[in-house]
Structures are given as C-alpha cells and as structure tokens.
Undergrad: 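Dumping the structure here so I can ask a few things about it.
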Amino acid sequence: MRRIALVDVNNFYVSCERVFNPKLEGQPIVVLSNNDGCIVSRSAEVKALGVPNGSPWYHVRELAEKHQIQAFSSNYTLYGDMSRRVMDVLRQFSPDQEIYSIDEAFIDLTPQPHLEPAALGRLIRQRLKQWVGVPVSVGVGSTKTIAKLANHAAKKRAEFAGVCDLGLLDAGALDALMRGFGVREVWGVGPKLEAKLTERGIRTVADLRDAPASALREAYSVVLERTVRELRGVSCLRLDQVRPARQQIISSRSFGEPVFALEELVQSVQRHATRAAEKLRRDGSVAAVVGVWLETNRFRKQDAQYHPSASTRLPAPTDDTLSLVAGARRALERIFRKGYRYVKAGVCLSDIGDRRVRQGALFELPDHAAKRERLMKVLDAANERYGSGILGPGHAGMTRPARWAMKRLMTTPAYTTSWNDLVRVQA
DNA sequence: TCTGGGGTCCTAGGACCC
DNA sequence: TCTGGGGTCCTAGGACCC
C-alpha cells in the first residue's frame, strides 16, 4: 500500500502577505490578479463572508468597504520565493517529491514505513509554520486522488486539525466521509462533469467511487475512469518527480487600458515574445512555432467582438529572441484589424524541443547562430542583473508608461528578493 | 470603467497512406 | 442493390487543474 501525502499552503498568497505584515492576521484580506482584476486568494474571514474565488474586485467593492476587506496586488516575486522555501523544507521529509503547483506538492512516504504519516504531517505543519511562516494542510492516502481528498477533509473538518490520513479510517468511517462530500470535490471533476454525473444520480464522492468505471469511460473519457479507480485505491497516476520540459510557453496580459492602434499592439506582442523566449532558454528548449492572439472585451455586449489568432512557423526551431519576435510580429500583422477595442494580447510558443538535439535550417550560417547565442547570453545576463525588461528588442521609442502596461496599485515590497525591500526591524 | 495567467491531457474528425 | 479495412498524423476544441 502506497502512502502519498499532499501538502499545500492554506490560501497561499494571503498567507505570504501575512508573514511580512503580522497585523493582517485575523483580518479579512484578498490578493488580486494582474491589473487588480479578480480575487485569486481569500483569507478565511473573506471566505466566511461568502465571497467566491475569482470574483471581479469591483463587484465586491461595496462589501469590501463595509467589512474593511484589504486588497493587495499580486506580488509573484515574493510568492515564487516563498514557494521555493516551502518546497525545500518539504524535500527534507521525503526526496520523492512532485511539485504540483506553486503552493502544493505530493511527497511519497512509502519508502519510510517506520514513520507514521499523520505524525509526520503534524511535524511538517509545525516546521513550515516555524521556518517559513505559513500554515499548511496535509492529506494522506494510497493514491494521489485520495491524498487530494484527504487534504480537502483536513481543511473542512475541524476534528482533523489540518492533518488527515484517510488510511487510518475504518471502512465505515471512510464511507461516511465520502458520502459527506459532493462529487465536485474530487480532483478531476469540474463543473461540466459534475452536471453530467448528477444526471446519472452520482452525487457524492462515494457514489463516484462505486460507479461502474468502464461504463463511465464509454460515456465520458479514460480520465474519469482513472479517477474512479484511484478513489478505490488503485494507483493510476504516477508521482512525477522531474517535470518534463514544457510543451507550450505562454506569455499574455490584459492591458491596463483598452488599445486600438497596431503600433501599441506591436509593443506588447514584442514584450510577450521576449518574455516567452526567456522562459524557453531557461528550459533549455527551442520552439518552431510562434503564435499570437488578440482579444476584445467579451463582457461588453455593446462592442464588436474579434478574437483572432495566427501563428508563424520558423525555418528552424530556435530560442533566439529576435527570430521569435519577428515571427510574432508577422503573425500579428496578419490578424490585426482596425476599429476594435483590444483588451488583451498573447504569445504562445509551441512545437518545442530540446535545444541540444536541434535541427538547424538548411541555409543557416553557423557563425551567425553562434553570434546570436552570445547576444542572447548578454541579454539574459542584463535582465537577470538589472530587472526583467531592461534590455530587449523594440525598446527604442517606447512610450512609458504604455497604455498596455499592467495596473498594480496595491503591491507589497519584494521582501525576500530585493535588498531595498528588506524588512526593517526596530530595536 | 473596472472581469487573470498560466498549464495539461484527451477526443473527435479530417487528411492521407497502403 | 451491393462500394474495404486497416493504419497514422495533425489540429481544434473541450475539460480539467491551480
């Protein structure tokens, strides 16, 4: 029997903000998405007010004023660094770790049968609180799907006090617990599947566990069949310790203000292609296709809508910023139409491979490629040292601050990654 | 006036092959 | 009246995750 633990940080972004501003403890606070658009993290106090995750911030303004909810712009520099600290601590409990997202990881405790998972879970909780400063929940089960469910139980049921090992429950207690949770709480069941399953009379986790797996595969997909088997304790999902290189790299942003002119779209698309190329090089990958898309505001029914996309296939896979920017620009020029109120642009790199086994172009000059490579090294080094975006193509004549630049009006300092932002402690 | 930004996997259907 | 039977590859779109 495997023993998989899922550890995640409770309302991660909110918890990060609280580490450096303890006065926020016990206060209703939220963290907002880019452009201060939507709520992406809520403290328990805000959840208790019934504010759903993902709500547009301006929709809850009134409620926020009434209850003095404090909002913060997202500070990904801080959250990324805090995430690294959490993962470092977790790795000390088991080297068999899959970092599943910025705030959660699976760890395999099977190779340490002499340790009791629940006791270990309590130790993890205590240590992360003390060493990193964030509260976590721990769920343990014989499969990843059960560990996810256990984690949910650890949060929702006070009697578990943040740590739940479903392996400790006898059959009757496990059944009761599974009857107490709706099918939507299962990892892999979203709103669409929930609706379809409900039609079939499958309403609780227990209903899904006991449903005929092969029939569900026929009706829906192999993904759902695997979920059902995992709920029964049959492991169908591997623990992926090494993340394979990404197959797709996206850089996109909503604009701070609507944009109408090609000139401004060019600037933002160049910026996205540059960022995507940086990510690509960091992965040690090359891409053969660069895609661009534009969006108008789909919530504004009075506006003419236009959501075009196009892509450019490059002569050979590359990680060269200038080639990728040029490709993105060509794609953009093909889809741009005047007269629309654009609110977002994005770039997507695909057909990605390992740069070490890259196939060159037929007419490529070897020393040209070598020069470009050196140029990219300089670019990456400069941006690493002086801040991302300091050096890049198309910067000449750029209007600052651009209309397309993000709005972030409530950002906290980069406490852990910038000397200037270090916390001052008074004696 | 203001509604995020990343990713993954699977399926269906069409084009094409022998 | 009857019009084969396998394959592969690619793409678009859908569903899910955080």
Side-chain angles (χ1 to χ4, degrees), chain A residues 6 8-13 30-42 51-62 64 71 73-74 76 79-80 83 98-106 144-145 148 151-152 183-197 217-227 236-238 240 243-258 272 275-276 279 283 288-289 291 293 295-303 307 309-311 313 341 343-352 403 406-410:
Chain A
L6 175 72
D8 77 350
V9 181
N10 303 343
N11 36 53
F12 181 54
Y13 300 163
V30 297
V31 172
L32 304 178
S33 64
N34 285 322
N35 275 318
D36 298 336
C38 296
I39 295 174
V40 290
S41 184
R42 303 160 296 160
V51 176
N53 202 25
S55 326
W57 175 233
Y58 75 94
H59 276 182
V60 297
R61 270 275 160 76
E62 230 169 86
S73 304
S74 36
Y76 287 105
Y79 311 150
S83 172
E98 177 189 347
I99 297 175
Y100 180 68
S101 77
I102 192 167
D103 77 321
E104 63 187 303
F106 291 98
K144 289 167 93 173
T145 305
K148 270 279 197 183
N151 183 282
H152 184 70
V183 73
R184 183 63 226 280
E185 308 307 334
V186 174
W187 191 36
V189 177
K192 303 275 182 182
L193 266 178
E194 179 190 28
K196 289 177 190 166
L197 290 172
R217 177 186 189 147
E218 287 289 306
Y220 306 109
S221 79
V222 64
V223 183
L224 187 58
E225 183 190 24
R226 285 202 282 252
T227 297
C236 305
L237 302 171
R238 279 198 327 268
D240 291 315
R243 262 295 127 121
R246 284 173 285 199
Q247 298 173 33
Q248 174 181 298
I249 291 175
I250 291 175
S251 173
S252 73
R253 284 280 181 285
S254 300
F255 303 134
E257 295 171 39
H272 288 310
R275 270 192 67 209
K279 292 189 201 177
D283 281 7
V289 171
W293 79 93
E295 290 179 29
T296 48
N297 187 340
R298 62 183 188 283
F299 298 102
R300 282 173 58 104
K301 302 297 174 211
Q302 69 271 38
D303 284 0
H307 300 133
S309 67
S311 55
R313 178 167 284 278
R341 187 176 182 277
V343 296
K344 181 173 180 176
V347 165
C348 177
L349 306 182
S350 55
D351 212 334
I352 285 177
R403 293 157 65 87
M406 259 199 289
K407 260 193 281 194
R408 295 202 308 192
L409 302 177
M410 299 163 275

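Keep in mind that what you see is a predicted model, and the values were worked out from it rather than measured. Worth knowing before you read on, the calculation uses all heavy atoms, side chains too, and leaves out hydrogens, waters and symmetry mates. Residue numbering restarts at 1 for every chain, and letters A, B, ... go by the order of the sequence lines.
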Undergrad: Nearest 0.5 Å please: distance from the CG atom of A:L32 over to the OG atom of A:S73.
TA: 6.0 Å
Undergrad: To the nearest angstrom, how far is A:I39 atom CD1 from B:dC2 atom P?
TA: 18 Å
Undergrad: Going by distance alone, is a donor N or O of one side chain under 3.5 Å from an acceptor N or O of the other, for A:S251 and A:R275?
TA: yes
Undergrad: Quick one: which of C:dC16, C:dC17, B:dG4 gets closest to the side chain of A:L193?
TA: C:dC16
Undergrad: Could you check whether the rings of A:Y13 and A:Y79 sit parallel, tilted or perpendicular, using 30° and 60° as the cut-offs?
TA: parallel
Undergrad: When we call it a touch if two heavy atoms are under 4.0 Å apart, what does A:S251 touch: a base, just sugar-phosphate, or nothing?
TA: sugar-phosphate
Undergrad: Could you check which of B:dG5, C:dC18, B:dG7 has an atom nearest any side-chain atom of A:S101?
TA: C:dC18
Undergrad: How about A:S41 and A:N11: does a side-chain donor come under 3.5 Å of a side-chain acceptor?
TA: no
Undergrad: What contact category does A:R184 fall into here, base, sugar-phosphate, or nothing, at under 4.0 angstrom with non-hydrogen atoms?
TA: sugar-phosphate
Undergrad: Under 4.0 Å, counting only non-hydrogen atoms across every strand here, what does A:K407 touch: a base, just sugar-phosphate, or nothing?
TA: nothing
Undergrad: Measure CG/A:N53 against C1'/B:dG4 and give the value in whole Å, please.
TA: 11 Å
Undergrad: Base, sugar-phosphate alone, or nothing: which one does A:E257 contact when heavy atoms must sit under 4.0 Å apart?
TA: nothing
Undergrad: Would you call A:R243-A:E98 a salt bridge at under 4.0 Å N-O?
TA: yes
Undergrad: Students often get this wrong, so: under 4.0 angstrom with heavy atoms, is A:R253 touching a base, only sugar-phosphate, or nothing?
TA: sugar-phosphate
Undergrad: Specify the residue among A:R217 and A:S33 whose closest nucleotide of DNA chain B lies further upstream toward the 5′ end.
TA: A:S33
Undergrad: Quickly work out the A:I99 CD1 to C:dC18 C1' distance and round it to whole Å.
TA: 14 Å
Undergrad: Does A:I249 reach a base, just sugar-phosphate, or nothing at all? Heavy atoms under 4.0 Å.
TA: sugar-phosphate
Undergrad: Would you say A:S254 reaches B:dG5's phosphate, i.e. side-chain N/O to OP1/OP2 under 4.0 Å?
TA: yes
Undergrad: Now, which nucleotide makes the Watson-Crick or G-U wobble pair with C:dA15, with each of the two distances under 3.5 Å?
TA: B:dT8
Undergrad: So, taking the atom named OG in A:S252 and the one named CG in A:N34, what distance separates them when rounded to the nearest 0.5 Å?
TA: 9.0 Å
Undergrad: Calculate the interatomic distance between A:Y79 atom OH and B:dG5 atom C1'; express it in whole Å.
TA: 14 Å
Undergrad: Nearest to the side chain of A:K196, heavy atoms from C-beta on, is which of C:dA15, C:dC18, B:dT11?
TA: C:dA15
Undergrad: Give A:R226 one of three labels, base, sugar-phosphate or nothing, depending on what nucleic acid heavy atoms sit under 4.0 Å from its own.
TA: sugar-phosphate
Undergrad: C:dG14 P sits how many Å from A:K192 NZ, rounded?
TA: 9 Å
Undergrad: Base, sugar-phosphate, or nothing for A:V343, non-hydrogen atoms under 4.0 angstrom?
TA: nothing
Undergrad: NA contact type, A:N35, heavy-atom cut-off 4.0 Å: base, sugar-phosphate, or nothing?
TA: nothing
Undergrad: Using a 4.0 Å heavy-atom cut-off across all strands, classify A:R298 as base, sugar-phosphate, or nothing.
TA: nothing
Undergrad: Which is true for A:R341 with a 4.0 Å heavy-atom rule: it touches a base, it touches only sugar-phosphate, or it touches nothing?
TA: sugar-phosphate
Undergrad: Kindly check if the number of other-residue, nucleotide or ligand heavy atoms within 6.0 Å of CZ (A:R341) is above 12?
TA: yes
Undergrad: Using the side-chain heavy atoms of A:D103, tell me which of these nucleotides is nearest: C:dA15, B:dC2, C:dC18.
TA: C:dC18
Undergrad: If you look at every strand shown and take non-hydrogen atoms under 4.0 Å, does A:W187 touch a base, only sugar-phosphate, or nothing?
TA: sugar-phosphate
Undergrad: Please give, in whole Å, the distance from C:dC18 P to A:I250 CD1?
TA: 18 Å
Undergrad: When rounded to the nearest Å, what value does the distance between C1' atoms of C:dG4 and B:dC17 take?
TA: 14 Å
Undergrad: Are the ring of A:Y58 and the six-membered base ring of B:dT3 within the stacking cut-offs of under 5.5 Å and under 30°?
TA: no
Undergrad: With a non-hydrogen cut-off below 4.0 angstrom, is A:R300 in contact with a base, only sugar-phosphate, or nothing?
TA: sugar-phosphate
Undergrad: By nearest atom, which of the nucleotides B:dG6, B:dT3, B:dT11 is closest to the A:S252 side chain?
TA: B:dG6
Undergrad: Are A:R275 and B:dG6 close enough that a side-chain N or O sits under 4.0 Å from OP1 or OP2?
TA: yes
Undergrad: Within the pair A:Q247 and B:dC9, is there a side-chain N or O less than 4.0 Å away from OP1 or OP2?
TA: yes
Undergrad: Name the nucleic acid region contacted by A:L32, choosing base, sugar-phosphate or nothing; use a 4.0 angstrom heavy-atom cut-off, strictly under.
TA: nothing
Undergrad: Does OP1 or OP2 of B:dG5 have a side-chain N or O of A:K344 closer than 4.0 Å?
TA: yes
Undergrad: For atom NZ of A:K407, decide whether the heavy atoms of other residues, nucleotides or ligands shown that lie under 6.0 angstrom number more than 12.
TA: no
Undergrad: Atom CZ of A:F255 and atom C1' of B:dT1: how far apart are they, to the nearest Å?
TA: 17 Å
Undergrad: Measure the distance from CG on A:L237 to C1' on B:dC10 and round it to the nearest whole Å.
TA: 14 Å
Undergrad: Pick the nucleotide of DNA chain B nearest each of A:Y220 and A:Y76; which residue has the one closer to the 5' end?
TA: A:Y76
